[in-house]
Amino acid sequence: MAAVTMVVNGNSVSAEAEGRTLLVEFLRETLHLTGTHVGCDTSQCGACVVHVSGKAVKACTMFAQEAEGAEVATIEGMAEPDGSLSRLQQAFQDHHGLQCGFCTPGMIMSAAALLRENPKPDEAEIRAYLEGNICRCTGYHNIIRAIMAASGQELPQLASQ
Amino acid sequence: MYSFDIEQPKTIADAVAALAGDEEAMALGGGQTLIPTLKARLAAPSRLISLTAIPEMHGICMDDDGRVCIGASTTHAEVAEGVRASYPALSALAGHIGDPAVRNRGTLGGSIANNDPSACYPAAALGSGATIITNARAIAADDFFTGLFETCLEEGEIITELRFSVPEAASYQKFAQPASRFALVGVFLARFSDGVRVAVTGASEGGVYRWSDAEAALNEDFSAAALEGIAASPQGMIGDIHASPEYRAHLVGVMTRRAVAAAS
C-alpha cells in the first residue's frame, strides 16, 4: 500500500492504494465516484475513459499510483458549477445520444478530449476518435449528431445513413 | 491480479538498479499490454518498475546525422504528433495504433520490448533499420527481434531510446484486425539511397521479419509491377480464427504492393 495524492475534478484527494489498484477502482471504490464505468475491463470498450493530465485514458488500464500528482477529470466534473449540464452533455440529451447510458460517461469524456483537440470535427473524424468507445445499444448515429451539435455545427445527413 | 508493489524511479540509473536487485521485478511502460496480462494472471511480478516517470526517456529530437531520436517512454500519440513533418510514415503508423486513449498511454519502448508478432512498431523499427539504445548498448534492429515476443534484451536491460534513419520514401500499410486493431498483416516499406527494406508484421509465427525476395525485386525496379510473380509462402505463417496462413501470405503481397504505390 502507498499513499496516493491526485487532484480529481479540481479537488485534492489522498488515500491509500495497493500497487495493483487500477485508477478506475480507486475512483469508484475509494472515492465513490461511480460515474466512471467498467464495461469490459480489457481496454476495449472505453466506458472507463477519464482524463489524466488533460489526456483521455482508459482508467481500467492504468494503476492508481501512476496518477500520483496528476489532474484527473471524470464525468462527475463535467457539469457546470451550478449543476446544469455542460453543452456537450446537453447535446447528448437533446439528440438522444444515449439509450441505456452505460457507455455514456466514456463517450462524453472521449468527445470532450476530441473537441479540445479539434473544435469542429467532421463525421469521419468523430468516428475515428471514438474507435475505442463501444455502445452496445449501437446508438452511434445520435452520438455523432450530439457531438456535431455540441461543436456548433449543422447536422447534415450522416454519410452512413 | 496478484499483488505487487510499484516503483516510479526518476532516472534510468535508478530504474536499472531497481530491476537488477530483484529477479522477480518487471519493467512497466505504458501498461497497455502488461496490465491486461497481469489481469489474466499470466505474470506475477514482485514489483513493477515504471519507466514512464523518467524525464530523460521522453521526447523527440533530431541528431547530427539526421536521425529521428525518440525516447522509449514517449507515447504513441506524442510520436504521431512529433514526427509528422520529420518522418510522416512513422507518424501515420503511430497514429493508428489501438485507439486514442491507448495511444495516450502506450509507449514506443514498451511495444518494441514486448515484440508482439502483430504489433506495428517492430515493423517500423526493422523497416527503418533503426538503432535500439538500451542502458547498456546500441543494438541494430536486424539483431534485436529474435522471435515471438522474444528480443535480444538481457534480464534487467531496458530500452531507453530508438534512433530512426529517415528514408527517402516510406509507407506503412496495415490490414487491421477489426476487434483488436492489431495488424492482421502490416508492411513497413522504406526506400533508402542504398536499398529498399520491407518489414512484415502480423504474419509470421517467428514475429516481424524482412521479406528479402521483395527487397531484391524492388532494388531492381521500385514499382508494384516488380512484385508480380513474387509470392510470400504460407509456410510458417500464423493461422488463427481471423485468418489462415494462406490468407496472411496473400495479404503480405497485397500490403507490400500498396506500400510501394503509396511511397512512389
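The shown structure was predicted, so the numbers you read here are calculated from the model rather than taken from an experiment. Naming: A, B, ... by sequence-line order, numbering from 1 per chain. As a basis for the values below, the full set of heavy atoms in this structure was taken, side chains included, without hydrogen atoms, waters or symmetry mates.
- The backbone N or O of A/Val57 sits nowhere less than 3.5 Å from a side-chain atom of B/Asn104 that would complete a donor-acceptor pair.
- At least one side-chain heavy atom of A/Gln65 sits under 4.5 Å from a side-chain heavy atom of B/Gln8.
- Summarising the geometry of A/Ser43 relative to B/Pro36, their closest heavy-atom pair is OG-CG, 3.8 Å, with the distance given to 0.1 Å.
- Enclosure of atom CZ in A/Arg136 is not indicated, since only 12 or fewer non-hydrogen atoms of other residues, nucleotides or ligands lie within 6.0 angstrom.
- For B/Leu38, the part lying under 4.5 angstrom from a heavy atom of chain A is the side chain only.
- A donor-acceptor pair is defined here as one N or O able to donate and one able to accept, closer than 3.5 Å; such a pair exists between the side chain of B/Gln32 and the backbone of A/Thr61.
- Here the CD1 atom belonging to B/Ile6 is positioned 5.5 Å from the CD atom belonging to A/Glu66, to the nearest 0.5 angstrom.
- Ranking B/Asp5, B/Leu48, B/Leu28 against chain A, the residue ahead of the rest is B/Leu28, based on heavy-atom pairs under 4.5 Å.
- For B/Arg47, no part lies under 4.5 angstrom from a heavy atom of chain A.
- Proximity to chain B (any heavy atom under 4.5 Å) is shown, for A/Ile134, by neither the backbone nor the side chain.
- Between the CZ atom in B/Arg103 and the NZ atom in A/Lys55 there is a gap of 11.5 Å [rounded to 0.5 Å].
- Interface summary for chain A: among B/Glu7, B/His96, B/Met1, the most heavy-atom pairs under 4.5 angstrom belong to B/Met1.
- Residues A/Val52 and B/Arg105 fail the side-chain proximity criterion, which asks for heavy atoms closer than 4.5 Å.
- Distance alone, capped at 3.5 Å, is enough to place a donor-acceptor pair between the B/Lys39 side chain and the A/Cys60 backbone.
- Both the backbone and the side chain of A/Asp41 come within less than 4.5 Å of a heavy atom of chain B.
- When the candidates B/Thr75, B/Ile35, B/Val102, B/Thr52 are compared by the number of heavy-atom contacts under 4.5 Å with chain A, B/Ile35 comes out ahead.
- In terms of heavy-atom pairs under 4.5 Å with chain A, the best-connected choice from B/Gly98, B/Ser3, B/Ala40 is B/Ser3.
- Heavy-atom pairs under 4.5 Å with chain B were tallied for A/Gln44, A/Glu68, A/Glu18, A/Met62; the largest tally goes to A/Met62.
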